[in-house]
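One-based numbering, in listed order, for ligands and for the atoms of each. Computed from a prediction, not measured in an experiment: that's the story for all the values here. Values below: all heavy atoms of this structure, side chains included; hydrogens, waters and symmetry mates excluded.
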Amino acid sequence: MKISSPITMTYPGPPRRAGGLVRYVVLAVVLIGFLWYLRYSAPSFTSVHQPVEVTPSHLPTIPSQENPTRPDVKPAETPAPEKEAERPITTPKSPTHPIDELIQSAEKTFEDLLKKESKDLNSAAAAYRKRRGRHPPPGFDAWFKFAQDNGAVMVEDFFDQIYHDLGPFWGLPPSTMRKEAWAYEMNINIRNHNASTGSSWFWTQIWLNLTQTIEHLLPDMDIALNAMDEPRIVLPWEEINKYMEIERATRKMPPPSEVVSEFSALTNKPDPDVKVRPKEWTEYWPYWKIATRGCHPNSLARKADIMTDFSHTPDISLAHTLPHTYKGYVSNFTLSSDFCHQPDLQSLHGMMVEPLSVSSTKTLFPMFGGSKLPTNNEILLPAPMYWNNEERFSGGDDHGDSWVNKLNKVIWRGVATGGRNKASNWKGFQRHRFVAMTNSSQVSGAEEWSQIPQNWAMPTSQYNLAAQQENRLGKWTGEWADTGFVDLMCDPPQANGTCNYTAPYYQVTPGMKMADQFDRKYLPDIDGNSFSGRYRGFLMSTSLPIKATIFREWHDSRLVPWKHFVPMDNRFMDFWGIMEYFLGYEGENVKIEGHDKEAEKIAVAGQEWANKVLRREDMQIYVLRLLLEYARVADDRRDKMGWVGDLL
Ligand SMILES: *[C@@H]1O[C@H](CO)[C@@H](O)[C@H](O)[C@H]1NC(C)=O
Ligand SMILES: *[C@@H]1O[C@H](CO)[C@@H](O)[C@H](O)[C@H]1NC(C)=O
Ligand SMILES: *[C@@H]1O[C@H](CO)[C@@H](O)[C@H](O)[C@H]1NC(C)=O
Ligand SMILES: *[C@@H]1O[C@H](CO)[C@@H](O)[C@H](O)[C@H]1NC(C)=O
Ligand SMILES: *[C@@H]1O[C@H](CO)[C@@H](O)[C@H](O)[C@H]1NC(C)=O
Ligand SMILES: *[C@@H]1O[C@H](CO)[C@@H](O)[C@H](O)[C@H]1NC(C)=O
């Protein structure tokens with residue numbers, strides 16, 4: 001059996017003095033590797049990726065090779081480091097915690113974003129042309145009025161996901177788009193401002209309800225819907241790149257006098273001569289192979305060997321986190337959710353290990369869904385549970401008490417989902433990993449070498465955790481962590497949510513109502529079978545969400561990490577460091593100040609912002625914009641269509 005390297009369990013110890021030359025060579029290699037990463041780890045069309053990110057561009061991106069001892073940590077029990085602490089050369093003092101720097105940087109990102117707000121139709125249209133390189137779609141004026149009447153914060157960047165999703169369709173003939181959307185087994189049809197569906201599936205009904213609230217503003221169209229949890233379309237990078245080349249080549253602004261500002265009407269029977277291409281749905285895994293064909297051919301993910309045996313303890317290290325982290329903490333959240341540069345995520349997420357259901361195609365056609373992976377080609381709508389405000393996801397109307405009245409604790413309850421966990425594969429599942437590493441008895445067991453971690457690893461010395469240095473990481477974790485499964489989701493299923501192969505490590509724990517969870521300050525949010533539907537409820541609560549995911553959602557470009565929520569790496573190894581920063585630590589010989597005020601500030605800012613840009617009205621505004629764009633790109637006259645009312 002492979003166990004995680006014992007190196008991760010030792011103290012930082014005195015820094016080794018590598019020969020000067022060797023050190024520079026190592027640094028140069030790391031730097032070249034990093035630049036190479038940046039060049040090849042993402043498709044070239046990532047320019048349409050959401051740009052709202054914390055970029056501490058003024059900060060060095062490569063963590064120093066040595067781990068400076070933080071000035072406020074005095075590991076008194078271990079004599080060696082204490083001696084080291086007196087030698088300024090080996091212990092350069094950093095004035096601030098990296099999280100302080102990330103928070104500061106996020107403030108600036110958010111300020112810059114707000115400066116872009118458009119106050120009237122003409123400036124919104126100008127912002128549109130500047131960012132998109134096209135005229136706005138027909139109906140833009142009515143859309144703007146709808147948004148303004150509904151109190152929207154109008155920043156063009158908030159709609160970036162739409163352009164990311166629809167971009168490739170400029171390379172597909174409009175008649176094919178229309179025919180295949182019409183012919184798809186589950187869809188919503190809009191004719192003459194009347195939205196209807198032939199499907200009674202509850203998700204379709206919820207999306208229909210949303211669409212009906214804006215149908216008076218919508219042209220004719222058919223909207224194909226993905227009824228599965230998991231996203232389904234992944235084109236190879238080489239192909240999607242060709243579609244995007246067409247998009248770029250057709251990005252033009254025809255003279256206003258030539259612009260067509262009406263959508264074409266549709267009949268109920270599209271052109272019989274247009275053929276519906278076979279989608280060749282395939283049902284196989286490893287899903288990793290499917291998902292990564294959308295990565296750049298030179299990316300680490302595309303080159304990684306395909307794993308088939310997930311029975312061992314997965315390798316958990318920070319080796320592939322450099323491009324998206326700053327000193328161990330997530331600095332580019334969008335990139336952190338992109339597995340193309342993170343081949344190790346192949347064995348660290350249920351979606352990759354064994355999803356519940358797989359049915360995927362390489363054929364591009366317009367299918368809408370509630371969430372997707374970075375390489376999927378679906379078109380995102382707000383997820384049904386967000387529109388529906390389901391209490392089990394949102395917590396209902398109770399958003400929690402004020403910060404001072406909350407417990408200084410982390411709460412997580414959920415089902416052991418993530419995919420189909422089995423005796424032979426559960427160790428890679430993200431929820432299993434998180435619940436195990438926040439279980440104080442398991443962490444203490446690892447510290448005492450009495451219990452070898454099955455599916456997680458001790459934090460590396462980079463985090464310089466005081467509790468770990470005092471050998472009290474497990475005990476400390478137990479002071480604030482309350483995590484557990486309400487159902488172990490066994491395969492095959494067993495009585496009362498139990499499971500014989502995971503029972504040694506987990507127990508079925510009583511559930512807790514969302515509203516009661518909000519009595520705790522910290523709310524980690526971990527992917528399930530797909531994205532986590534509670535996220536919006538968490539953001540709207542008075543508590544602080546700590547989020548890790550590999551999924552994309554409609555709202556991503558509206559939220560600024562470290563300003564509105566705390567981002568977490570998908571390995572979760574940064575979790576203890578995040579908690580030490582917020583809670584502080586009081587051990588036998590060490591005391592570290594917490595940052596409760598900072599936590600409160602993010603929680604409050606997140607809630608206020610969610611109440612401004614994640615409202616149900618904001619979903620209507622987003623979907624209206626999306627569907628106007630969709631109707632244009634599916635129209636035969638799309639290259640000439642637009643709204644130019646401001647230019648005439
Ligand atoms: C995050 O990473 C992506 C992909 O490399 C990049 O395009 C984007 O600019 C980065 N965000 C920031 C603000 O650094
Ligand atoms: C809308 O379309 C549906 C389905 O064709 C039809 O049953 C319904 O009567 C229509 N409603 C209106 C108001 O036209
Ligand atoms: C959508 O659903 C809500 C709640 O069930 C209902 O009150 C509303 O009338 C529905 N809207 C439309 C347009 O059907
Ligand atoms: C399941 O739980 C119920 C209620 O606690 C109990 O009566 C029953 O014996 C349990 N079933 C098994 C197989 O453990
Ligand atoms: C769990 O129970 C199943 C049958 O319910 C059995 O086949 C399997 O061997 C058991 N596994 C373990 C680890 O006990
Ligand atoms: C914590 O881990 C122990 C094994 O060390 C296990 O027995 C216990 O059930 C776990 N607790 C929870 C809440 O899952």
Query raised in the report: Pro504: heavy atom below 4.0 Å from ligand 6, yes or no?
Result: yes
Requested in this report: Within a distance under 4.0 Å of any heavy atom of Tyr505, pick out the atoms of ligand 6 and give their elements.
Outcome: 1 (C), 2 (O), 6 (C), 10 (C), 14 (O)
Query raised in the report: Less than 4.0 Å between atom 2 (O) of ligand 2 and some protein heavy atom, yes or no?
Result: yes
Query raised in the report: Are the ring centres of Tyr506 and Tyr501 closer than 6.0 Å?
Result: no
Requested in this report: Just jot down the ligand 5 atoms closer than 4.0 angstrom to any heavy atom of Asn500, in number order.
Outcome: 1 (C), 2 (O), 3 (C), 8 (C), 10 (C), 11 (N), 12 (C), 14 (O)
**Report entry** Taking atom 4 (C) of ligand 2 as the reference point, the nearest protein heavy atom with its distance
**Finding:** Ser196 OG, 3.5 Å
Requested in this report: Using the six-membered ring wherever Trp is involved, compare the ring planes of His432 and Phe485 and label them parallel, tilted or perpendicular (cut-offs 30° and 60°).
Outcome: tilted
Query raised in the report: Should we say atom NZ of Lys475 is surrounded by more than 12 heavy atoms from elsewhere, each under 6.0 Å from it?
Result: no
**Report entry** For atom 9 (O) of ligand 6, the protein heavy atom that lies nearest, with its residue and separation
**Finding:** Gln507 OE1, 2.8 Å
Requested in this report: Below 4.0 angstrom from a heavy atom of Gln451, which ligand 6 atoms are there? Numbered from 1 as shown, please.
Outcome: 4 (C), 5 (O)
Query raised in the report: In terms of atom number and element, which parts of ligand 5 are under 4.0 angstrom from non-hydrogen atoms of Gln494?
Result: 1 (C), 2 (O)
Query - For atom 5 (O) of ligand 6, closest protein heavy-atom neighbour - result: Ser441 OG, 2.9 Å
Query raised in the report: CD1/Ile526 to CZ/Arg431 distance, rounded to the nearest 0.5 angstrom?
Result: 8.0 Å
Requested in this report: Identify the protein heavy atom lying closest to atom 14 (O) of ligand 2, giving its residue, its atom name and the separation to 0.1 Å.
Outcome: Asn194 ND2, 3.3 Å
**Report entry** Plane angle bin for Tyr581 and His595 - parallel if under 30°, tilted between 30 and 60°, otherwise perpendicular
**Finding:** parallel
Query raised in the report: According to the interplanar angle, ranging from 0 to 90°, do the rings of Trp412 and Phe434 count as parallel (below 30°), tilted (30 to 60°) or perpendicular (above 60°)?
Result: perpendicular
Report summary line: Checking heavy atoms under 4.0 Å, the part of Phe485 that sits near ligand 6 is neither
Query raised in the report: Under 4.0 Å from atom 11 (N) of ligand 5, do we find at least one protein heavy atom?
Result: yes
Query raised in the report: Would atom 7 (O) of ligand 5 count as contacted, meaning some protein heavy atom under 4.0 Å?
Result: no
Query raised in the report: More than 12 heavy atoms of other residues, nucleotides or ligands under 6.0 Å from CD of Glu479: is that the case?
Result: yes
Query raised in the report: Does an N or O from Thr483, backbone or side chain, lie closer than 3.5 Å to an N or O of ligand 6?
Result: no
Requested in this report: Given ring-ring contact (aromatic ring centres under 6.0 Å, His included), test Trp480 with Phe582 step by step and report yes or no.
Outcome: CA-CA 12 Å; Trp480 44 262; Phe582 287 127; over 10 Å; no
**Report entry** Residue pair Arg413 / Thr509, side-chain donor-acceptor N/O under 3.5 Å
**Finding:** no
